[in-house]
Protein chains: 2
Amino acid sequence: MPPEKDNPRAWDKSHYHLACVEDAVAKAHQICSEKGVRLTPTRLRILELIWRSHKPIGAYALLDEIKLEHKSAAPPTVYRALDFLIEHGLVHRIQSLNAFVGCNDPGHVYSGIILICNDCGDVLEMDDAKISETIALYTNNLGFQLSSQSIEANGTCPGCRG
Amino acid sequence: MPPEKDNPRAWDKSHYHLACVEDAVAKAHQICSEKGVRLTPTRLRILELIWRSHKPIGAYALLDEIKLEHKSAAPPTVYRALDFLIEHGLVHRIQSLNAFVGCNDPGHVYSGIILICNDCGDVLEMDDAKISETIALYTNNLGFQLSSQSIEANGTCPGCRG
DNA sequence: TTTATCACCGTTATAATGTTACATTTTTTA
DNA sequence: TAAAAAATGTAACATTATAACGGTGATAAA
């Protein structure tokens with residue numbers, strides 16, 4: 001992770017579907033209820049911690065935080081919750097950082113493109129059907145049956161370009 | 001990594017620029033010479049090992065192999081060589097697998113899209129300017145200065161669809 | 001020719017990330 | 001309520017990656 005620079009207006013997130021932890025929690029309850037799966041206290045807590053961190057957060061950072069209130073927590077505690085949250089589209093894993101962010105539009109993802117600022121470390125999720133359709137088209141022409149994709153872009157965010 | 005299935009004709013790679021280890025080594029020598037950087041014996045050996053593995057290979061698997069001939073090798077031996085090879089575009093890192101593959105078209109990359117077969121574990125590199133241009137366009141409209149990107153797609157390759 | 005520098009490598013240790021396996025508890029289902 | 005399934009606790013371990021420091025050999029500067 002780059003030098004910690006705090007840049008609260010790194011990008012314009014005004015179009016985001018979820019503006020705060022509370023929104024994310026409400027949406028998560030709704031989605032889990034619709035799917036008939038259980039948003040247990042640990043899962044909920046991990047989701048909240050991810051949303052309260054306004055940057056991608058790693059599994060062991062989550063573990064440190066959750067240990068403060070839940071002394072017996074261990075790596076599987078965190079990884080199981082993350083698996084659940086990712087499986088149900090509530091959280092994205094950022095492969096290039098081994099870190100996690102809340103999904104901005106759960107239950108409605110075409111293709112999540114993750115933009116990562118190399119200066120401040122903040123992330124923007126960009127959903128675009130066109131790009132994922134293009135990739136699906138190209139891969140289908142090769143006879144490849146696409147099941148998932150991950151697009152991560154590195155660069156400098158508007159806030160850090162100054 | 002999925003169950004080991006050996007599927008030598010998983011995809012049509014007839015369009016690949018580099019067909020074998022020897023091609024890859026020759027091209028690497030050429031590129032390093034043009035850039036004035038040193039393709040030392042260890043770097044060359046790691047590149048060969050990556051190309052001889054016809055699947056993505058992890059750093060510690062490379063370490064095991066190189067230890068057979070070079071008893072004193074340790075993790076930094078491998079990671080330093082990998083850093084070099086990646087920096088000069090000779091090797092790609094596959095983020096979702098923590099593994100490495102030879103770049104099929106070094107010195108001429110628009111956007112390497114990595115297709116990963118979930119059944120046989122083999123990988124195809126697809127270079128396409130259009131997709132990377134589309135992403136560049138979209139991110140630019142957000143004021144994001146793009147420096148690099150990684151696109152990985154999971155699914156089933158033609159060979160494994162049967 | 002000495003001395004400084006630099007890139008590369010050897011070596012040891014350790015950090016960071018992620019998983020297995022099995023026991024226990026809680027919740028749901030029959 | 002009893003059986004089954006889902007979730008969690010717990011300890012140990014596996015995998016991936018980096019830090020730190022010293023040595024070596026080539027090249028450049030004094």
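Throughout, a chain's letter reflects where its sequence line sits, starting with A, and its residues are numbered from 1. Everything numeric in this text was worked out from a predicted model, so none of it was measured. Note: hydrogens, waters and symmetry copies are ignored here, and every other heavy atom, side chains too, is used.
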Nearest whole Å is fine: how far is C:dT27 P from A:Leu39 CG? 14 Å
Mapping B:Lys71 and B:Asn98 to their closest nucleotides on DNA chain C, which lands nearer the 5' end? B:Lys71
So, does A:Thr40 get its side chain near the phosphate of D:dT8, meaning an N or O under 4.0 Å from OP1 or OP2? yes
Within this structure, what is the CG-CG distance for the pair B:Leu137 and B:Leu142, rounded to the nearest 0.5 Å? 10.0 Å
Whether the B:Ser96 and B:Glu152 side chains hold a donor-acceptor pair (N or O, under 3.5 Å, no angle test) is what I'd like checked. yes
What is the distance, to the nearest angstrom, from the CG atom on B:Leu82 to the P atom on D:dT15? 18 Å
Atom CG of B:Asp64 to atom P of D:dA14: distance rounded to whole Å? 14 Å
As a test of understanding, state which of B:Glu65, B:His70, B:Glu69 forms a side-chain hydrogen bond (donor to acceptor under 3.5 Å, both in side chains) with B:Arg45. B:Glu69
Between D:dA17 and B:Tyr60, counting only base atoms on the nucleotide and side-chain atoms on the residue, is there a donor-acceptor pair under 3.5 Å? yes
What is the distance, rounded to the nearest whole Å, between atom CD1 of A:Ile86 and atom P of C:dG18? 10 Å
Could you check which of C:dT11, D:dT8, D:dA17 has an atom nearest any side-chain atom of B:Phe100? D:dA17
How many angstroms lie between CD1 in A:Ile114 and CD in B:Gln149, if you round to the nearest 0.5 Å? 14.0 Å
Just compare D:dG9, C:dC8, C:dT28 and give me whichever is closest to any side-chain atom of A:Arg80. D:dG9
Nearest-nucleotide 5' precedence on DNA chain C, B:Pro75 against B:Arg38: B:Arg38
Whether A:Ser72 contacts D:dT10 is assessed here as follows: a side-chain N or O lying under 4.0 Å from the phosphate OP1 or OP2. Is that the case? yes
For the side chain of B:His70, counting heavy atoms from C-beta on, which of C:dT19, C:dC8, C:dG10 is nearest? C:dG10
From NE2 of A:His88 over to C1' of D:dA7, roughly how many Å is that when rounded to an integer? 13 Å
For atom CZ of B:Arg93 and atom P of D:dT16, their distance in whole Å: 11 Å
Hey, mind stepping through A:Ile135 and B:Asp128 against side chain to side chain contact (heavy atoms under 4.5 Å, CB included) and telling me if it holds? CA-CA 10 Å; A:Ile135 292 176; B:Asp128 188 77; over 6 Å; no
Round to the nearest Å and state the distance from B:Arg43 atom CZ to C:dG10 atom P. 12 Å
Would you mind reading off the distance between B:Tyr79 atom OH and D:dA20 atom P, rounded to a whole angstrom? 18 Å
